[in-house]
Amino acid sequence: HVEELVICGPPQSGKTNACLNILLHHIYRYGGNGKYCMFPTEQLAKLFVNMRLKPVLERCPVLVDRMQGKSATTLERIAMSDGTFIFPAWGTSAAKLSSFGADFVWADEVDKNSDLVGDESDPLTLLEDRVRTFRRRKILKCSTPTVETGLIWQALNRCADVREYH
């Protein structure tokens with residue numbers, strides 16, 4: 001069982017789409033828990049929820065039933081009828097990143113989240129703390145690298161298994 005996945009690649013190479021597909025699979029297989037999707041800014045989180053996540057959830061044949069009935073969508077969360085909650089977050093939202101436990105966390109464009117969250121720890125650490133108590137946890141990090149000292153390179157260098165695709 002893979003607990004952490006780090007995707008590092010050039011701009012516009014399908015990293016976010018790959019992560020979105022992993023999120024959908026995790027919701028399908030292990031619904032009923034919280035899922036965090038972190039983006040660098042609140043504006044990007046809103047765009048992602050409204051333009052990518054909601055439309056795909058409403059069109060995905062195996063998940064569309066969970067979006068009907070008791071489901072509710074706001075910028076704060078997407079609540080599905082099976083008890084799954086998807087929490088959009090951004091790197092400067094310490095309160096959002098430390099509010100709820102989750103079995104799945106996804107940090108998109110990690111290197112753009114390098115600003116610290118006030119007096120708190122860095123956004124990735126706060127996000128990783130959300131999954132600590134779950135047995136089937138998944139930590140997903142993806143980004144276009146900026147510098148070798150950036151968060152995505154640090155995460156990639158800690159990986160036990162690194163695979164390159166060209």
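The structure presented is a predicted model; accordingly, all values stated were derived computationally and were not measured. Scope of the values below: all heavy atoms of this structure, side chains included, with no hydrogens, waters or symmetry mates.
Formation of a donor-acceptor pair under 3.5 Å by the Asp82 side chain with backbone atoms of Arg66 is not found in this model. With hydrogens and angles disregarded, a donor-acceptor distance shorter than 3.5 Å links the side chain of Gln154 to the backbone of Thr149.
Considering only heavy atoms from C-beta on, Arg136 stays 4.5 Å or farther from Asp103 through its side chain. Between Leu23 and Phe104 the shortest side-chain heavy-atom distance falls below 4.5 Å. A heavy-atom distance below 4.5 Å is not found between the side chains of Lys138 and Glu3. The shortest side-chain heavy-atom distance between Leu156 and Val162 falls under the 4.5 Å cut-off. Proximity of Leu140 to Cys142: side-chain heavy atoms (C-beta onward) are nowhere separated by under 4.5 Å. A heavy-atom distance below 4.5 Å is not found between the side chains of Thr146 and Lys112. Between Leu24 and Leu57 there is a side-chain heavy-atom pair separated by less than 4.5 Å. Between Tyr28 and Leu63 there is a side-chain heavy-atom pair separated by less than 4.5 Å.
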* To do: Give the C-alpha distance, both sets of side-chain angles, the deciding distance and a yes or no for side chain to side chain contact (heavy atoms under 4.5 Å, CB included) between Ile86 and Cys37.
  => CA-CA 7 Å; Ile86 304 169; Cys37 301; 4.0 Å; yes
* Determine, stepwise, if the pair Asn33 / Phe134 fulfils side chain to side chain contact (heavy atoms under 4.5 Å, CB included). => CA-CA 10 Å; Asn33 292 309; Phe134 289 87; 3.8 Å; yes
* Is there a side chain to side chain donor-acceptor pair (under 3.5 Å) between Thr16 and Asp108 once you walk through the steps? -> CA-CA 7 Å; Thr16 300; Asp108 196 35; 3.1 Å; yes
* Report the C-alpha separation of Lys15 and Thr144 in whole Å, then their side-chain angles, then the decisive distance to 0.1 Å, and conclude whether the side chain to side chain donor-acceptor pair (under 3.5 Å) test is met. => CA-CA 9 Å; Lys15 298 179 301 296; Thr144 299; 3.1 Å; yes
* Run the side chain to side chain contact (heavy atoms under 4.5 Å, CB included) check on Arg137 and Tyr30 step by step: do they pass? -> CA-CA 10 Å; Arg137 60 183 161 253; Tyr30 312 110; over 6 Å; no
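Every residue two or more places apart in sequence or in another chain that forms a ring-ring contact (aromatic ring centres under 6.0 Å, His included) with Phe48 is listed here: Phe39, Trp106.
Between Glu58 and Lys54, none of the side-chain N atoms (NZ, or NE/NH1/NH2) sits under 4.0 Å from a carboxylate O, so this pair counts as no salt bridge. A salt bridge links Glu128 with Lys141; the closest basic N to acidic carboxylate O contact falls under 4.0 Å.
Follow the hydrophobic side-chain contacts under 4.5 Å out from Met67 and you reach Val62 in the same cluster.
Expressed to the nearest 0.5 Å, how far CE of Met51 lies from CG of Leu44 amounts to 11.5 Å. The distance from the CG atom of Asn157 to the SG atom of Cys8 is 9.5 Å, given to the nearest 0.5 Å. Considering CG of Asn17 and CD1 of Ile22, their distance stands at 11.0 Å, rounded to 0.5 Å. Note that the OG atom of Ser143 and the CD atom of Glu109 stand 4.5 Å from one another [nearest 0.5 Å]. Atoms CG and OH, from Leu126 and Tyr36 in turn, are 10.0 Å apart once rounded to the nearest 0.5 Å.
Ring centroids of Phe100 and Phe87 are separated by less than 6.0 Å, placing the two rings close together.
Residue pairs meeting the salt bridge (charged side-chain N to carboxylate O under 4.0 Å, His left out) criterion with at least one partner in residues 22-33, sequence neighbours excluded, are absent.
Of all the heavy atoms in Leu124 and Ala107, the pair that sits closest is CD2-CB, 3.6 Å. Counting all heavy atoms, side chain and backbone alike, Ala45 lies closest to Trp90 at CB-CE3, 3.7 Å.
Paired with Ile78 under the rule side chain to side chain contact (heavy atoms under 4.5 Å, CB included), one option of Ile27, Leu53, Thr84 passes, and it is Leu53.
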